[in-house]
Amino acid sequence: VAVATGSAGQILTSAGAGAIPSFQAAAAGGKILQVVSKTDTTNRATTSHSYTSGIGGYLQIQPSSTSSKILIIASVSLYIASNTGFLTLTYQGNTLASNSSNGANFVIMDGYSKFQATSSLTFLHSPSTTDIKSYDVMMRNSNNSTQVECINGYAQANLTLMEIAG
């Protein structure tokens with residue numbers, strides 16, 4: 001059975017058992033439209049209970065469509081000698097975590113006997129805008145006195161934003 005030749009941007013689609021396949025337009029959603037990335041190799045520390053940047057500042061992206069989604073991928077190594085350390089992803093300075101327990105965090109690390117771990121944070125965000133927007137990885141501690149560190153000098157931190165067609 002001969003199959004017709006498709007044109008640019010089409011994919012070969014099965015019509016089921018015994019039927020002749022045909023070329024059709026590829027699905028519109030899910031394509032990666034742009035990627036921006038940031039790497040940080042500086043150790044960052046805070047004794048604050050308020051969030052502060054764990055990667056030395058935000059990363060910006062401007063979606064090309066209001067239906068686009070932003071895939072956020074971050075990798076950060078957190079160290080805390082005692083008490084508890086927290087990591088979250090923020091959008092325009094506000095946390096993206098939806099849990100209300102203990103301040104809406106993505107990662108909680110118990111460091112009562114010194115703890116260090118690299119955490120991967122991933123979130124799919126729908127900003128519904130074409131304005132330039134800022135994302136960041138933020139850290140804080142549990143008690144306003146214990147130091148929590150993003151030890152990016154030992155294990156570099158990465159933040160990547162991908163615009164996905166909606």
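Hydrophobic clustering places L59 together with Y91 (ILVMFWY residues linked when any side-chain heavy atoms are closer than 4.5 Å, directly or through intermediates). In the hydrophobic clustering of this structure, I164 groups with V35; members are Ile, Leu, Val, Met, Phe, Trp, Tyr whose side-chain heavy atoms approach within less than 4.5 Å, directly or through other members. Two different hydrophobic clusters hold V76 and L71 under the rule that ILVMFWY side chains link at heavy-atom gaps under 4.5 Å. Residues M139 and F123 share a hydrophobic cluster, clusters being chains of Ile/Leu/Val/Met/Phe/Trp/Tyr side chains in contact below 4.5 Å. The hydrophobic clustering, which links ILVMFWY residues whose side-chain heavy atoms are closer than 4.5 Å, places L121 and L96 together.
Between the side chains of S142 and N83, no donor N or O sits under 3.5 Å from an acceptor N or O. One side chain, S68 or E163, offers a donor N or O that lies under 3.5 Å from an acceptor on the other.
Contact detail for T118 and S75: the closest heavy-atom pair is CG2-OG, 3.5 Å. Closest of all the heavy-atom pairs between Q60 and S134 is NE2-OG, 3.2 Å. When all heavy atoms are compared, the tightest approach of T129 to D131 is OG1-N, 3.0 Å. Between K69 and S126 the shortest heavy-atom distance is NZ-OG, 3.3 Å. The two residues G85 and L78 come nearest to each other via the heavy atoms C-CD2, 4.1 Å. Considering all non-hydrogen atoms of both residues, T66 and T130 come closest at N-CG2, 3.8 Å.
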- Task: List the steps, then state whether side-chain contact (heavy atoms from CB on, under 4.5 Å) holds for R44 with E149.
- Result: CA-CA 6 Å; R44 312 231 176 246; E149 300 176 56; over 6 Å; no
- Query: Run the side-chain contact (heavy atoms from CB on, under 4.5 Å) check on Q116 and I151 step by step: do they pass?
  - Reply: CA-CA 9 Å; Q116 172 187 339; I151 52 172; 3.1 Å; yes
- Message: Using the rule given for side-chain contact (heavy atoms from CB on, under 4.5 Å), can you reason through I70 versus I61, listing the C-alpha separation, both sets of side-chain angles and the distance that settles it, and then say yes or no?
- Response: CA-CA 9 Å; I70 305 298; I61 192 167; 4.1 Å; yes
- Task: In sequence, state the C-alpha distance, the side-chain angles, and the governing distance for N158 and T39, and then conclude on side chain to side chain donor-acceptor pair (under 3.5 Å).
- Result: CA-CA 5 Å; N158 297 293; T39 298; 3.0 Å; yes
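Put simply, the side chain of D136 never gets that close to the backbone of M138: no donor and acceptor are under 3.5 Å apart.
With a 6.0 Å radius and a threshold of 12 heavy atoms from other residues, nucleotides or ligands, Y58 has its OH atom at or below the threshold.
When side chains are defined from C-beta on, V137 does not count as touching S53, because their heavy atoms never get closer than 4.5 Å. H49 is not listed as a side-chain neighbour of N143, based on a closest heavy-atom distance of 4.5 Å or more. A heavy-atom distance below 4.5 Å is not found between the side chains of Q10 and Q24. Under the 4.5 Å side-chain criterion, counting only non-hydrogen atoms from C-beta, I55 is in contact with K38. Considering only heavy atoms from C-beta on, I32 stays 4.5 Å or farther from Q34 through its side chain. Side chains of N141 and S48 form no contact here, defined as non-hydrogen atoms less than 4.5 Å apart. I72 places none of its side-chain heavy atoms less than 4.5 Å from the side chain of L124.
From L89, atom CG reaches atom CG of L161 across 9.5 Å, with rounding to the nearest 0.5 Å. Interatomic distance, OG of S64 versus CG of L33, reported as 4.5 Å (0.5 Å rounding). In this structure, SG on C150 lies 8.5 Å from CG on D40, to the nearest 0.5 angstrom. In this structure, the separation between OH on Y51 and OG1 on T88 is 4.5 Å, given to the nearest 0.5 Å.
In this pair, H125 and Y135 present their aromatic rings perpendicular. The plane angle is above 60°, beyond the 30 to 60° band.
With T146 as reference, I80 is the one residue of T46, T47, T84, I80 to meet the side-chain contact (heavy atoms from CB on, under 4.5 Å) rule.
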